[in-house]
Student: 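Here you go, one structure.
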Amino acid sequence: MENGTYVARLEEIADLLQVTGANPFRVRAFQKAARVIDGMAEDLDTVLAEGEVTAVDGIGKSIAEDLRQIRERGSCDLLDELRASLPDGITDLLRVQGLGPKKVKALYEELGIGDLDALEARASEGRIAGLKGFGARTEEKILKEVERLRRTAGRTPLAEAWPHAERLLGLLREVSGVERAEIAGSLRRGRETVGDLDFVVASREPGPVMEAFATDGDVEEVVARGDTKTTIRLSGGLSADVRVVPPEVFGATLHHFTGSKEHNVAIRSRALKRGLRVSEWGVFRRDGEDGGDATDGELVACATEEDIFAAVGLPFIPPELREDRGEIGAAEEDRLPELVTLEDIVADLHMHTTASDGRHSVARMAEAARDRGLKRIAITDHSRSLTVANGLDARRLRAQMEEIDAYNAGDPAVRVLKGLEVDILEDGALDMDDDVLAALDWVVGSVHQWMGQDPQTMTERLLRAIGSGFLHALGHPTGRLVGRRDGFTFDVDAVFDACADAGVALEVNASPWRVDLDDRLIQRALERDRLMLTINTDAHSTAELGQMHFGVRMARRGGCPRSRVVNAQDESP
DNA sequence: GCCGTTTTCGGCCCGACTGTTTTCAGTCG
Ligand SMILES: Nc1nc2c(ncn2[C@H]2C[C@H](O)[C@@H](COP(=O)(O)OP(=O)(O)OP(=O)(O)O)O2)c(=O)[nH]1
Ligand SMILES: [Mg+2]
Ligand SMILES: [Mg+2]
Ligand SMILES: [Zn+2]
């Protein structure tokens, strides 16, 4: 069973429990267990089989038993009981902005509302206003939010969110009085999808910042506007939060707004044990014996994130690791990995030119790479069978190889490797003649077609390609497209082991639509000592050479150090 | 429900914003 199935069951339990008015901490226990399993590099089935599941942080005896039942029959006693006692659609009500456990419970108990249709109907009839805690504005908002929920998708893919974030960041930085403005939230942590955009601004005058944000041309609605925080919704449905604070507390607020929520909770709990209190305003000493009210505790730190961490006895933890997946313990013991950085990347080993489906020539790509400070690139156009991308046959590839030799003969600042993104065909054969493959400097093998194969066939196919002796890297290894298409499944251990044995690197494709491998698979790859990664843009234009940072961020999320990245080494390739 | 260099019981992060309230609960970030 896939980890995602366990996650979905636990989340359903948490949702249903909330509506029954259960202890919020009990609800949080199920949410935490779901989150931990979602972030696991291993298959939960393997962990369950080895009987060590209660060793996982957040999973105790009770949830372990639920998981075993879910494995056996897809559900567990607790979930069965909850489902039997509540309507199917009630958890949808929790997705409506402004409705939480208390309000949903009231709507169900007072008016029998058990799904979105009923909610909409009762609101239209004016039956909701007048319920205790509900007024006319709440009823109005419910109608609006139900409609919006039906219309909009869930999380926004990185590739769609990023341009909006860059534009809004630029806008914020131009407001007079702004000393600093940074992207925070899940985007700063390098997640592949985001729920919204988050910004932190340092300024002594919040007014003009809020005003600029709220009156931007792309704003559809100002959702909330207070003294330090404004939330807007853009025309495409994406929301954005901005938090404006005085420059001296910027570090504390940036840390707070970068999250993750769970990381913040863990940091704050740790602080409490040390007689401190952490909020977005800083780290404070807790006065008074029994915890006290503590509002007047002495300020200990607030200027920089480093100061915040230091105040709670930790070294700086990079944003990409702040997911409460063990980073605090690792920091405590000084065993945080030294993560690869964008500056470490000296080569880009996957890109296309006009020869296949790229927009620019070999020389243009090389010059653009030089301007970005790279030392080497590999030109890896598509192979013949990818006809939609004008893939190269042996003759055209040979011609390109001559072109590259000629380019390199001019002793350019960027050395160009003769490469190919060769299609791994249906049966695992490579879509190019062996003698040509052998003459190339760098060969990326990728699956683009016949992606619907069953896992076993796909595994055998990949193993054959890896075993060919011609590949240097496996390109976008799962084929997923964020928010659009799941990757194909295969036996990860078998394929990764084979790559390690054959000296084939696994790509972290930096295209924001792919970021493939993802953080969990990167972490799993790194468990094998000899297995290397290669982070490449897969650029189809000179501009897309700027995508490298997405891949680097994902590699960092997976805990990847420079030493494990082929193209972060000074020597070849 | 989980967890333990202050606890195996009794805690579990903390503040901003809104709407409905007459002093604050609920939701969200
Ligand atoms: N201390 C604390 N901080 C929170 C809480 N919820 C959110 N935050 C902080 C950490 C989050 O990263 C940050 C922004 O909140 P978001 O809801 O936008 O979450 P985030 O950006 O992490 O994920 P997203 O992709 O937007 O769903 O605010 C909370 O309950 N407690
Ligand atoms: Mg966010
Ligand atoms: Mg947010
Ligand atoms: Zn490709």
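Only a predicted model underlies this, so the values are computations on that prediction, with no experimental measurement involved. Convention: sequence-line order gives letters A, B, ...; per-chain numbering from 1.
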Student: Does anything in residues 246-258 of chain A pair up under side-chain hydrogen bond (donor to acceptor under 3.5 Å, both in side chains), and if so which pairs, sequence neighbours excluded?
Tutor: R188(A)-T258(A), R204(A)-E248(A), H255(A)-H263(A), H256(A)-R268(A)
Student: By the 4.0 Å heavy-atom rule, please label V278(A) as base, sugar-phosphate, or nothing.
Tutor: sugar-phosphate
Student: Short of 4.0 Å, heavy atom to strand atom, which residues of residues 97-116 of chain A count as contacting DNA chain B?
Tutor: Q97(A), G98(A), L99(A), G100(A), P101(A), K102(A), K103(A)
Student: Which side-chain hydrogen bond (donor to acceptor under 3.5 Å, both in side chains) pairs, counting each pair once, include a residue from residues 97-113 of chain A, with sequence neighbours left out?
Tutor: K105(A)-E109(A)
Student: By the definition side-chain hydrogen bond (donor to acceptor under 3.5 Å, both in side chains), identify the one residue from R191(A), R189(A), K261(A) that meets it with E323(A).
Tutor: R189(A)
Student: What are the atom names and distances for every N/O pair under 3.5 Å that joins the protein to nucleotides 7-10 of chain B?
Tutor:
none

Student: Counting only Watson-Crick pairs (N1-N3 plus N6-O4 or O6-N4) and G-U wobbles (N1-O2, O6-N3), all under 3.5 Å, who is the partner of dT8(B)?
Tutor: none
Student: Under 3.5 Å, which donor-acceptor pairs link side chains of residues 307-316 of chain A to any protein atom two or more places apart or in another chain?
Tutor:
from	atom 1	to	atom 2	distance (Å)
D307(A)	OD1	T304(A)	OG1	3.3
D307(A)	OD2	T304(A)	N	3.3
D307(A)	OD2	T304(A)	OG1	3.1

Student: Expressed in angstrom and rounded to an integer, what is the separation of R28(A) atom CZ from dC3(B) atom C1'?
Tutor: 12 Å
Student: Could you state the atom-to-atom distance from CZ of F25(A) to C1' of dC2(B) in whole Å?
Tutor: 12 Å
Student: Once you round it to whole Å, what is the distance between C1' of dT27(B) and CG of L93(A)?
Tutor: 15 Å
Student: When the distance from CD1 of I308(A) to C1' of dC14(B) is rounded to whole Å, what number comes out?
Tutor: 14 Å
Student: Whole angstrom is fine here: how far is it from NE2 in H256(A) over to P in dA16(B)?
Tutor: 9 Å
Student: I need the CD-P distance between E333(A) and dT5(B), as an integer number of Å.
Tutor: 13 Å
Student: Which residue in the set R556(A), R325(A), R553(A) passes salt bridge (charged side-chain N to carboxylate O under 4.0 Å, His left out) when paired with D519(A)?
Tutor: R325(A)
Student: Under a 4.0 Å heavy-atom cut-off, which of residues 29-54 of chain A touch DNA chain B?
Tutor: A29(A), F30(A)
Student: Have a look at dT7(B) and give me syn or anti from its glycosidic angle (syn if within 90° of zero).
Tutor: syn
Student: Tell me if the side-chain of N264(A) makes a donor-acceptor pair with the base of dG29(B), cut-off 3.5 Å, by modelled atom types.
Tutor: no
Student: Restricting to side-chain contact (heavy atoms from CB on, under 4.5 Å), what partner residues turn up for E139(A), sequence neighbours left out?
Tutor: A123(A), I128(A), A129(A)
Student: Check each residue of residues 73-91 of chain A for a non-hydrogen atom within less than 4.0 Å of any atom in DNA chain B, then write out the ones that pass by number, or none.
Tutor: none
Student: Quick check for you: among dC12(B), dG15(B), dC13(B), whose closest atom lies nearest to any side-chain atom of K261(A)?
Tutor: dC13(B)
Student: Let me check something: any side-chain donor-acceptor pairs from residues 53-63 of chain A under 3.5 Å, sequence neighbours excluded? List them with distances.
Tutor:
from	atom 1	to	atom 2	distance (Å)
D57(A)	OD2	K32(A)	NZ	3.2

Student: Heavy-atom contacts under 4.0 Å between residues 233-248 of chain A and DNA chain B, which residues?
Tutor: D241(A), R243(A)
Student: Measure CZ/F257(A) against C1'/dC14(B) and give the value in whole Å, please.
Tutor: 14 Å
Student: Contact class for I59(A) (heavy atom, under 4.0 Å): base, sugar-phosphate, or nothing?
Tutor: sugar-phosphate
Student: Quick one: do E327(A) and R335(A) make a salt bridge, cutoff under 4.0 Å?
Tutor: no
Student: Could you pull out the protein-nucleic contacts involving nucleotides 17-24 of chain B (nitrogen or oxygen on both sides, under 3.5 Å)?
Tutor:
from	atom 1	to	atom 2	distance (Å)
dC17(B)	OP1	D227(A)	N	3.0
dC17(B)	OP1	T228(A)	N	3.0
dC17(B)	OP1	K229(A)	N	2.8
dC17(B)	OP1	K229(A)	O	3.3
dC17(B)	OP2	D227(A)	N	3.4
dT18(B)	OP1	R225(A)	N	2.8
dT18(B)	OP1	R225(A)	O	3.4
dG19(B)	O3'	T138(A)	OG1	3.3
dT20(B)	OP1	G135(A)	N	2.7
dT20(B)	OP1	G135(A)	O	3.4
dT20(B)	OP1	T138(A)	N	3.2
dT20(B)	OP1	T138(A)	OG1	2.8

Student: Distance alone, cut at 3.5 Å: any donor-acceptor contact between the side chains of E527(A) and Q523(A)?
Tutor: no
Student: Is any side-chain N of the basic residue among R73(A) and D80(A) closer than 4.0 Å to the acidic one's carboxylate O?
Tutor: yes
Student: How close or far is atom C1' of dC13(B) from atom CH2 of W281(A), stated in whole angstroms?
Tutor: 17 Å
Student: Taking atom CD as the centre, does E338(A) end up with more than 12 heavy-atom neighbours from other residues, nucleotides or ligands that are less than 6.0 angstrom away?
Tutor: no
Student: Take atom C1' in dG19(B) and the same atom in dT23(B), then report the distance between them in whole Å.
Tutor: 14 Å
Student: Which residues pass the ring pair (Phe, Tyr, Trp, His ring centres under 6.0 Å) test with W162(A), not counting sequence neighbours?
Tutor: H549(A), F550(A)
Student: If only side-chain N and O atoms count, and only distance matters, is there a donor-acceptor pair under 3.5 Å linking T228(A) with R243(A)?
Tutor: yes
